[in-house]
Amino acid sequence: MCNDYLIEAPEMKTTEHIEQESTKKAFEESEVSFKLLFENNPLPMWVYDRETLAFLTINQAAIVHYGYSQEEFLSMTIKDIRPASDIPMLEHQVYRARPELLNCGYWKHRKKNGAIIDVEIITHDLIFMTRPARLALVYDITERKRAEDALRWAHDKLESQVAERTANLQAEIAERKRTEEDLRQAKEAAEAANRAKSEFLANMSHELRTPLNSILGYAQVLKNQDELPAKHRKALSIIEQSGEHLLRLINEILDLAKVEAGALELRAVDFNLPRLLQSVTDIMRARAQAKGLAFANEWFSDIPATVRADEHRLRQVLVNLLDNAIKYTHEGGVALKVGYHGPRLRFLVEDTGIGIRPEHLETIFSIFHQVHNYTAFEDGTGLGLAICKRLVNLMGGSLEVSSTAGEGSRFWFDLDLPAVTVLTVGSRPSSRKIFHIKGRRRKILIADDREDNRGVLRDMLVPLGFEVHEAADGADCLRQAKVLRPDVLLLDLRMPVLGGEEVIPRVRLMPRLKGLVIIVISARAFEHHREQCIEAGADDFLSKPFCLEKLLGILCHRLGLELVVEADGNEYAPRQECETPPEQTVLPSEQREALIELAKRGDIKRLREQAMRLVQLHQRYAPFAEALCTLAERFQIKKIRQLLETTQNEP
Ligand code: ADP
């Protein structure tokens, strides 16, 4: 227990005894209560000498908390319970304290066992046993400090983590932006390369088509001449075949470029499947037989008559596969088989040819791949199968192959080709080759900068009875058109002074040339060229090299002319059943009137569409529709009108 006395520092004066007594009593009472409070306070408390910093009195809580005995405390100064590093601050703090105020400070103390604790000390200056002293109340805040430190540490760590994460994120964003920029640049470069490639292909195709146009055009013109010596006729067909081979090559390269660029779109139409198979078979059988091979075709009766698909592309694939089969077969035969395989239609081309070794089975579908077996080397581009595979994929199938070297090969694919219940009348293969145009003599202006191109057209059209004029550039074309007022303008696109694209809108603005039929004939072969021209005001588009029959078809359709087709000098004899529909036909009045109107306008295309719509209404109209379509196919407008005159409105 503390045996010192705590004495406030009052000024003692000698006054009256009673007063002295009562003051002393009050003082003693206050001293007792202070001592009680000091001794029993649960917090460590002490009084130390302000000058020497020596402990003057200690309470029990301080003895317990610090581990020093009372004697030890009373032999120590405040400095003895400070860790060495804390002393300078302590002195500073101590001397700064102001006697009239309670002071508060934070310190580190060392316990007897060496443990360092954090303390908060509230001090008050007083006179103790006549000496200037200081009363200190001690709060051990070690735990609180530790918690605060831990909190600060966690906070600092969090902040540094946030800063680090932010920096990482910023770096990631910067990296992503860089990647996006790289990608954008790569995409732009790829697009530019693609554009350059398409441009190159378009130009190359243009350059190759232009001379081919003359070759194939003149071959057609010459073939139509009477009394051609057999030797020349043979030479002509070789020229024609070689030209067609070149054309196929150009088309294959263009097709491939389109497929690779994702620009090849299928054009689904309703067509008669057996008729397509028959026409493919007719061509290929002749080729196989010429090589001394057997040709078998087999399709099951349950295959649909009319289906919806890209007829042109399906034909292209079948012709290509059969062409290969004939090319790579030297004895035995070739077969085309079509039938259902599950719910899908299977197209199978089989041959007994040289076969393909297993190691080549994958690579034959690669671009420009040819198996260089020189004993069996044949003409080819190495593109056919690559294109077929891509086309079959586009149609929703997959081209498969199985083969045994020396025994033969099988190529097949399955397609979803649901039956369509519409009668379509497709074009019939024929050996037609001589044409005459019936009707008034029409004026045609040919605008093309190349003399040979104009020459082909002139030599094709003049013998048929057309009046032909020629212009060598766009400006010349406009000049002549104003004066001549032709019925038709056959227009090339690439010309000096003024290109065909510029000529079209100018012509369309000339009231004198109202009704002029503009047919673009260009070596540009992409679909978008056609679309651009039609949009600009052209009526039709033919890509070079063009087929005479096709041009005549357009002319007849646009000018309402009648085309007379002869086969090897014999008048073309239409099928009897097509010419004479059974009895008098009764038609729904709306459809009948539409047909009569279209026939008046000579709109062959829509006439055929209208005829097909009739069959959709009811199958009983099918014979009449077929007769109508057959006449339309031959551009026999007059006969169509006569046929319609025989019909009656349904009551
Ligand atoms: P090519 O124009 O050379 O015929 P394709 O792409 O059509 O090009 O065919 C690639 C190669 O696949 C051919 O060069 C040939 O070696 C092989 N091939 C294709 N069809 C057959 C087949 N029916 N029999 C044997 N080999 C074939």
Side-chain angles (χ1 to χ4, degrees), residues 267-273 275-276 305-308 311 419-430 432 435-440 442 487-488 515 517 519 534 539-540 549-565 571-651:
R267 286 167 187 267
V269 292
D270 295 344
F271 66 93
N272 187 299
L273 181 62
R275 196 172 288 169
L276 165 76
T306 306
V307 293
R308 188 164 181 78
E311 181 183 13
V420 178
T421 52
V422 177
L423 171 96
T424 57
V425 183
S427 56
R428 219 172 255 114
S430 78
R432 299 177 286 181
F435 308 90
H436 297 290
I437 301 289
K438 272 191 189 168
R440 176 168 71 79
R442 303 301 173 103
D487 299 290
V488 180
V517 175
I519 302 169
I534 303 292
D539 294 292
D540 227 314
E549 195 171 345
K550 209 163 176 182
L551 172 63
L552 291 180
I554 296 173
L555 286 175
C556 289
H557 164 50
R558 297 280 167 192
L559 299 176
L561 299 173
E562 199 162 309
L563 175 71
V564 181
V565 187
E571 187 70 35
Y572 183 79
R575 285 191 309 167
Q576 199 55 39
E577 76 276 11
C578 297
E579 280 233 302
T580 320
E583 299 138 22
Q584 187 166 44
T585 311
V586 183
L587 300 173
S589 58
E590 201 185 317
Q591 270 69 27
R592 183 170 170 265
E593 271 145 33
L595 283 169
I596 292 171
E597 181 54 33
L598 291 170
K600 251 192 233 159
R601 280 197 265 137
D603 193 338
I604 296 286
K605 188 166 165 260
R606 295 191 45 207
L607 254 172
R608 283 165 58 105
E609 286 167 7
Q610 191 66 28
M612 285 167 202
R613 230 165 277 143
L614 264 182
V615 185
Q616 272 173 311
L617 284 179
H618 202 283
Q619 270 297 322
R620 68 170 171 273
Y621 303 121
F624 173 79
E626 177 147 11
L628 202 64
C629 287
T630 308
L631 292 174
E633 226 184 295
R634 295 184 210 138
F635 303 96
Q636 291 179 315
I637 300 286
K638 215 191 228 161
K639 288 204 174 133
I640 292 176
R641 286 195 204 121
Q642 286 166 359
L643 175 63
L644 282 167
E645 274 163 23
T646 66
T647 60
Q648 264 189 356
N649 279 343
E650 259 172 15

Problem - Approximate separation, where rounding is to 0.5 Å, of Ile640 CD1 and Leu598 CG - result: 10.0 Å
Practice task
Please examine the side chains of Val488 and Asp539, heavy atoms only from C-beta on, and report whether any two atoms are closer than 4.5 Å.
Solution key: no
Completion exercise
When rounded to the nearest 0.5 Å, the distance separating OG1 of Thr647 from CZ of Arg592 is 3.5 Å
Problem - Rounded distance (nearest 0.5 Å) linking atom CD1 of Ile519 with atom CD1 of Ile554 - result: 5.5 Å
Exercise for the section: Would you indicate whether the side-chain heavy atoms of Val307 and Phe271 approach each other to under 4.5 Å? Expected result: yes
Problem - Nearest-0.5 Å distance that lies between atom CD in Glu590 and atom CD in Gln610 - result: 8.5 Å
Completion exercise
Heavy-atom nearest pair, Ala625 first then Ala611, reads CB-O, 3.5 Å
Fill in the blank from the handout: Heavy atoms of Asn649 and Ser589 approach each other most closely as OD1-CA, 3.3 Å
Exercise for the section: Rounded to the nearest 0.5 Å, what's the gap from CZ on Arg267 to CD on Glu311? Could you check? Expected result: 14.0 Å
Practice task
Look up atom CG in Leu607 and atom CG in Leu644, then write down how far apart they are to the nearest 0.5 Å.
Solution key: 7.0 Å
